[in-house]
Amino acid sequence: MSIQITFPDGNVKSFEQAPTGLEIATGISPGLAKKAVVVKVNGDLWDLSRPIDRDAKFEIVTRDKPEALEVIRHDAAHVLAQAVQELFPGTQITFGPSTDVGFYYDFARAEPFTEADLETIEQRMRNIVKRDLPIVREVWSHDDAVKHFEKAGESFKAEWIREGIQADETLTIYKQGDAWLDMCLGPHLPSTGRVGTAFKLTRVGGAYWRGDANNAQLQRIYGLAFANDDDLKAHLKMVEEAEKRDHRKLAKQLDLFHQQEEAPGMVFWHPKGWAIWQAVEQYVRKVYKKSGYKEVRGPQIMDVSLWKKSGHWDNYQDNMFFTESEKRTYAIKPMNCPGHVQIYNAGLHSYRDLPIRYAEFGGCHRNEPSGALHGIMRVRAFTQDDGHIFCTEAQIESEVTAFHQQAMQVYADFGFTNLDIKLALRPEKRLGDDATWDRAEDALRAALRAAGVDSWTELAGEGAFYGPKIEYHLKDSIGRAWQVGTMQVDFMMPERLDAHYIDEHSQRQRPVMLHRAIVGSMERFIGILIEHHAGALPYWLAPVQVVVAPIVSDADGYSDEVAAALSTAGVRVETDLRNEKINYKIREHSLQKVPVIVVVGRKEAEEKTVTLRRLGTERQETMSLADAITQLTVQ
RNA sequence: GCCGAGAUAGCUCAGUCGGUAGAGCAACUGAUUCGUAAUCAGUAGGUCGGAGGUUCGAUUCCUCUUCUCGGCACCA
């Protein structure tokens, strides 16, 4: 019987015996065979060396395709594993997948890998690539595989086969040369030589076996891998540039804030950093007002009994701060919602009043694990642009839709257009019954659709204990994603804290509570803002918008006049009257990312004009002071 | 929290195979008044993260501890 292979262009070719992808490719052209990485057989990725034993739609995936890159990276991980085991006998292998930019592999070894080891390992990897070992796919039985790995002292692999793989699942083994193998789904390259040279080990870190902190601690070695050297070089360059945008570095350079040992995970805002905060806060306050929120303020500490009632104590006591006075224990608030419910409960509400929307720049403290702290992105004391909407179930969809549209506008105003939207669904540890969760989750889906969102990622098990949530994520300079905004449907808290309204039949009803934030944590958002703009914030957010710099001291008086006029017009302006050359001042304020430098010399002083120089250009523009004020206030 | 690395002047960093530290920039003082990315000269500045130990002697070696960084776990 013959095998029919259908090519992407519709051509069909029949073979007497099952051909391998490599054979077919060679038949077309040796050049193609060389560039081939894997093949697509009826849509699935197969090894080049695997015989195609059925009629199939066939496609060759060459090195430059995205799917190929994944295979190259995955192979690099295997080459890494072999290199480590050759160099450090007794080290156990576990898992090693490809990542967005490369690969990693987790190893079990008592001794830690050092930076120096990484170089040695990388050299050995290059050696294995040079050896061009054939990579061969084999199908093994479960028993054989378990026996093999147990005999080899690979207890992690053996455990995974026993517990992680169904007995009727096909179990594939990939041999890399004669002496090394790993269990893996594949597909892989036909030989190690095809990995190429564009890889580099970057760092070693910790990881837990099967991602669980109760399990053994493994060592993870990370590497980069690309299809060619130019791509790798370009990526390294990009990382180098990104590191310069780090908000922690820029905060020092631009004198925005600092953190110190006595207050881990907390922020000391300096005048310039606080000016950014104020600009963001005033903007958000306008949004509150425009979208129907009333700003409120709850107390910073409340009796622990309230947190027991709300359910926070059960779920988060280890991450809460407490304080005591006169034999009472108070919790320092980790969230604003119970406070807002108290404000809601202080009065009687008719169905006609709903939705009621409260907002607060709510300062919260959470005792985050020390290892989680990260600059001002993850802190122990932060301020949320928090809001709570008390409404009926029928009002959820329109509230969520309106919120979404408002949120997207806010992000755009700050310069963000690339948001990741996620829907976090019911966690294992939760309040309420499944029917309630079904309604809450569906309400969020419906609202997203109504807002015109066509794609989002659903995260099973990641919701809050009281309800599901939409999450808005932004990326920092080195590609780490951070949650900023959120919208959460909550049927539980009103019940727990006994909130109600009176319906049209004079009956008491439970309102639904929506928890929402757009920037999320002010600290985190400002951190991302700094990185996104590389410190050069847009004019309306810049801590110092204008510096007036005289060329000669004769112009000092006029500089003060100009600055006073701008300040009166609401511009954040400073003067630089130091006895320095204008070049020096230009350089310094440019490095400080001041958007506009106003230079005044004798000429300007006489003619009552100013010369503007905007950040990022060398162009000079002379105009009357009045014109300058107009220009610098409308932006 | 766990694994690993680190902490030296305001900042960026060098250094001491154990004999109590140095540069550049910033700061301060003086001179210079110079039209768009660094004017010159001088001065001052550090119990080398904290505690304990070994030692005649510790910033250096050891232990503990705090914080930071990278990774993982966590993230209401």
Side-chain angles (χ1 to χ4, degrees), chain A residues 104 106 109 111-115 202-222 246 248-249 252-253 255 258-265 307 310-316 318-320 333-338 364 366-375 377-380 382 384 424 427 429-431 462-467 469 471 478 482-483 486 488 490 493 515 520-521 524 549-556 579-592 597-604 611-613 615 617-620 622:
Chain A
Y104 67 78
D106 289 346
R109 176 177 181 242
E111 286 283 297
F113 291 113
T114 64
E115 291 292 315
T202 50
R203 57 173 56 105
V204 50
Y208 295 107
W209 169 237
R210 293 165 82 164
D212 187 336
N214 298 310
N215 289 343
Q217 175 94 47
L218 307 172
Q219 295 185 68
R220 176 171 296 179
I221 296 178
Y222 282 92
D246 190 309
R248 294 165 297 191
K249 205 174 260 186
K252 262 184 205 161
Q253 284 166 14
D255 193 19
H258 85 272
Q259 298 177 277
Q260 68 187 43
E261 244 181 80
E262 289 81 357
W307 302 98
S310 70
H312 289 95
W313 197 83
D314 283 340
N315 283 279
Y316 292 106
D318 289 345
N319 296 308
M320 288 165 71
K333 81 174 143 116
M335 287 191 88
N336 307 300
C337 37
C364 295
R366 295 180 186 173
N367 195 4
E368 303 283 9
S370 55
L373 302 179
H374 180 94
M377 302 287 207
R378 185 84 183 269
V379 286
R380 290 194 175 133
F382 59 97
Q384 289 175 312
K429 211 171 153 192
R430 60 177 183 260
L431 303 175
E462 307 238 325
F465 71 89
Y466 50 73
K469 52 179 179 165
E471 296 178 1
I478 57 170
W482 297 93
Q483 181 187 310
T486 184
Q488 314 178 358
D490 180 0
M493 207 60 59
H515 308 242
S521 146
R524 173 178 295 178
I551 293 167
V552 291
S553 51
D554 286 352
D556 284 2
N579 179 11
E580 295 289 352
K581 290 169 103 171
I582 194 64
N583 281 319
Y584 182 92
K585 296 181 186 177
I586 297 278
R587 175 181 157 78
E588 191 159 289
H589 301 301
S590 298
L591 288 173
Q592 285 295 306
I597 301 172
V598 171
V599 177
V600 295
R602 289 204 180 89
K603 212 175 86 198
E604 284 84 355
T611 301
L612 264 55
R613 180 192 164 116
L615 187 61
T617 144
E618 289 173 18
R619 205 161 50 86
Q620 301 170 33
T622 303

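Because the structure is a prediction, the values reported are computed rather than measured. Side chains included, hydrogens not; waters and symmetry mates left out as well; all remaining heavy atoms used. We name chains A, B, ... by the order of the sequence lines, and we start the count at 1 in each one.
Figure legend: A:Arg380 and A:Phe382 shown without cation-pi pairing, the cationic atom not lying both under 6.0 angstrom from the six-membered ring centre and within 45 degrees of its axis.
A:Asp490 and A:His515 make their closest contact through OD2-NE2, 2.8 Å (heavy atoms, listed as atom of the first residue, atom of the second, distance). In terms of heavy-atom proximity, A:Cys364 sits nearest to A:Gln384 at SG-OE1, 3.7 Å.
A distance of about 11 Å separates the C1' atoms of B:A26 and B:G45, rounded to the whole Å. A distance of about 14 Å separates the P atoms of B:G46 and B:C11, rounded to the whole Å. Using C1' as the reference atom, B:C72 and B:A37 are 44 Å apart when rounded to the nearest Å.
For the pair A:Arg613 and A:Glu618, the salt-bridge criterion is not met [side-chain N within less than 4.0 Å of a carboxylate O].
The shortest distance between the side-chain N/O atoms of A:Lys581 and the OP1/OP2 oxygens of B:G35 is not below 4.0 Å. Between A:His374 and B:G70 there is a side-chain polar atom (N or O) within less than 4.0 angstrom of OP1 or OP2. For B:G1, the OP1/OP2 oxygens have a side-chain nitrogen or oxygen of A:Ser370 closer than 4.0 Å. Taking only side-chain nitrogens and oxygens, A:Arg248 comes nearer than 4.0 Å to OP1 or OP2 of B:G70. Distances shown here put every side-chain N or O of A:Arg366 at or beyond 4.0 Å from the OP1 or OP2 atom of B:C74. In terms of phosphate contacts, A:Asn583 brings a side-chain nitrogen or oxygen within less than 4.0 Å of OP1 or OP2 of B:A37. Between A:Arg220 and B:C2 there is no side-chain polar atom (N or O) within less than 4.0 angstrom of OP1 or OP2.
At least one donor-acceptor pair under 3.5 Å links the side chain of A:Asn215 to the backbone N or O of A:Trp209.
For the salt bridge (Lys or Arg N to Asp or Glu O under 4.0 Å) condition, the pairs that include at least one residue of residues 205-216 of chain A, sequence neighbours left out, are A:Glu159-A:Arg210, A:Glu163-A:Arg210.
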Protein N or O to nucleotides 4-15 of chain B N or O, pairs below 3.5 Å:
unit_1	atom_1	unit_2	atom_2	d
B:U12	OP1	A:Lys252	NZ	3.2

Between the protein and nucleotides 25-30 of chain B, list every N/O to N/O distance that falls short of 3.5 Å.
unit_1	atom_1	unit_2	atom_2	d
B:A26	OP1	A:Tyr584	OH	3.2

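Residue A:Tyr104 is out of contact with every strand shown, counting any heavy-atom pair closer than 4.0 Å. Contacts of A:Gly311 with the nucleic acid, taken as non-hydrogen atoms under 4.0 Å apart, are absent. When heavy atoms are screened at a 4.0 angstrom cut-off, A:Leu591 is found touching base atoms of the nucleic acid. Heavy atoms of A:Lys603 sit under 4.0 angstrom from at least one base atom. A:Arg613 comes within contact range of at least one nucleobase, with a heavy-atom separation under 4.0 Å. Residue contacts shown for A:Ile582 are limited to sugar-phosphate atoms, with no base heavy atom under 4.0 Å away. Across all strands shown, A:Gly375 has heavy atoms under 4.0 Å from sugar-phosphate atoms exclusively, and none from any base. Residue A:Pro334 is in base contact, counting any heavy-atom pair closer than 4.0 Å across all strands shown. Residue A:Glu604 is in base contact, counting any heavy-atom pair closer than 4.0 Å across all strands shown.
Rounded to an integer number of Å, the gap from CG of A:Asn214 to P of B:C72 is 18 Å.
Stretches of at least 3 consecutive Watson-Crick or G-U wobble pairs, with each checked distance under 3.5 Å, appear in RNA chain B as B:1-7 with B:66-72, B:10-13 with B:22-25, B:27-31 with B:39-43, B:49-53 with B:61-65.
The side-chain contact (heavy atoms from CB on, under 4.5 Å) search around A:Lys603 returns A:Glu607, not counting sequence neighbours. Applying the side-chain hydrogen bond (donor to acceptor under 3.5 Å, both in side chains) criterion to A:Tyr222, with sequence neighbours excluded, gives A:Arg220.
Side-chain atoms of A:Arg109 stay outside donor-acceptor range of the base of B:C3, with no qualifying N/O pair under 3.5 Å.
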